[in-house]
Q: 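Sharing a structure here in structure tokens format.
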2 protein chains.
Amino acid sequence: MVKRTSHHEADCLIARPLDAIGDWWSLLIVRDAFDGLRRFGEFQKSLGVAKNILSARLRNLVAHGILETVPAPDGSAHHEYVLTQKGRGLFYVLVALRQWGETYFSGPGEPYTFMVDIESGRPIKRLEVHAEDGRLLYPGDTRLADFRDQENS
Amino acid sequence: MVKRTSHHEADCLIARPLDAIGDWWSLLIVRDAFDGLRRFGEFQKSLGVAKNILSARLRNLVAHGILETVPAPDGSAHHEYVLTQKGRGLFYVLVALRQWGETYFSGPGEPYTFMVDIESGRPIKRLEVHAEDGRLLYPGDTRLADFRDQENS
DNA sequence: CACGAAGGTTTCAACTTGAAACCACTTGCT
DNA sequence: AGCAAGTGGTTTCAAGTTGAAACCTTCGTG
């Protein structure tokens, strides 16, 4: 084995994101960042991950522009990790993953948590995929096209 | 190290899905399954992954009920791997991941591919998160609630 | 019945992970 | 000033995982 294979070079635009966040911890760190966690110690306590692993993951997320470090507001020498715009773009991935989890991974009778709209306190709507003209699309109603295909449609 | 830490027991409904698909290959296998691939050899050729790894991943996906094996339609002794309903539920995760990839991982001037509606051939709409009453929600407009919270809302 | 292809499993070295120990820098306390 | 405790890491090293290649087994075919 030369090295763990990287999807960095892959053509597929699903593969390349996985290079940045496709491991066991990164998305959980991002989730915690959405929940307002910012400090190394907060992430470590929340996730229970080894410090060296957390350190490596944070470095990788920063390197990919998903998190950025900012000076700590309390004036201490340390910094905090906050989501960039690119990182906030993962919101939809997290929502999708959570809805899938809510549907298929919640034990029966388990007091599971779900996402609610802060303003109303009511659960959010399930994600839907729509065509440009608004039609609701299901798995199988889409395909991939490249740049040229769009020209003559 | 006892074993690679599993998120299987985690309370969080983002963590548990990651236990099933949170590695470097599983989502790519699912993506290929959406593209109609069914045979071991097809996946192997498409992904370029080592056969033992592919074998382990397919077994894991089947164990999690994301894929199931069906007898090969050509009557041969082999079987094929097809998505279950649970597996098809990952459609939204893949769409979210792809849209994030399209936005942040496509090289400049690169002939990137994107998802289009089969019927019209036009790109699909970007995913949106909506409140129950239809309001458009952004990152930060949601929080998690548990079962009891909903009662008194 | 030899031969090749499909679909895996086995083997083994390199790489990654995780727990614990260690280190550096600040604070807070006395 | 001196010292313990807290924060934010890095280092070390055993154990676990990954990947390439070799091997095995079961069909389909000539």
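Since we're looking at a predicted model, the values are computed, not measured. To find a chain, count down the sequence lines: A is the first, B the second, and so on, and within it residues start at 1.
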Q: Could you tell me which residues satisfy salt bridge (charged side-chain N to carboxylate O under 4.0 Å, His left out) with B:E119, sequence neighbours excluded, listed by chain and number?
A: A:R135

Q: State, with a plain yes or no, whether a side-chain heavy atom of B:L136 is found less than 4.5 Å away from one of B:H130.
A: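 Contact flag for B:L136/B:H130 side chains = yes.
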
Q: Between C1' on C:dT17 and CZ on A:R57, what's the gap in Å once rounded to a whole number?
A: 9 Å

Q: Do A:K51's NZ or CZ and the ring of A:F43 fall within the cation-pi criteria of under 6.0 Å and 45°?
A: no

Q: Give the rounded distance in Å between these two atoms: CD of A:E80 and P of D:dG8.
A: 8 Å

Q: I need a per-nucleotide contact map over nucleotides 4-11 of chain C, read 5' to 3'. Cutoff is protein heavy atoms under 4.0 Å; write B for the base, S for backbone only, - otherwise.
A: --SBBBBB

Q: How close or far is atom C1' of D:dG9 from atom CD1 of A:I53, stated in whole angstroms?
A: 13 Å

Q: Quickly work out the A:K45 NZ to D:dG8 P distance and round it to whole Å.
A: 12 Å

Q: Ignoring backbone atoms, establish whether B:W25 has a side-chain N or O less than 4.0 Å from OP1 or OP2 of D:dT18.
A: no

Q: Looking at residues at least two apart in the chain, or sitting in another chain, which of them share a salt bridge (charged side-chain N to carboxylate O under 4.0 Å, His left out) with B:R39?
A: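 Expected list: B:D74, B:E80.
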
Q: Identify the heavy atoms of B:I14 and A:R31 that sit nearest to each other, and give their distance.
A: CD1-CG, 3.9 Å

Q: Given atom CH2 of B:W24 and atom P of C:dC15, what is their separation to the nearest angstrom?
A: 16 Å

Q: Rounded to whole Å, please give me the gap between CG in A:L37 and C1' in D:dT7.
A: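 Going from CG in A:L37 over to C1' in D:dT7 covers 15 Å.
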
Q: Kindly check if the number of other-residue, nucleotide or ligand heavy atoms within 6.0 Å of CD (B:E128) is above 12?
A: yes

Q: Can you check the B:L54 CG to D:dA20 P distance for me, whole Å?
A: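 The distance from CG of B:L54 to P of D:dA20 comes to 13 Å, rounded to the nearest Å.
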
Q: Taking atom C1' of C:dT16 as reference, at what distance in whole Å does atom CG of A:N60 sit?
A: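 To the nearest whole Å, that distance equals 13 Å.
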
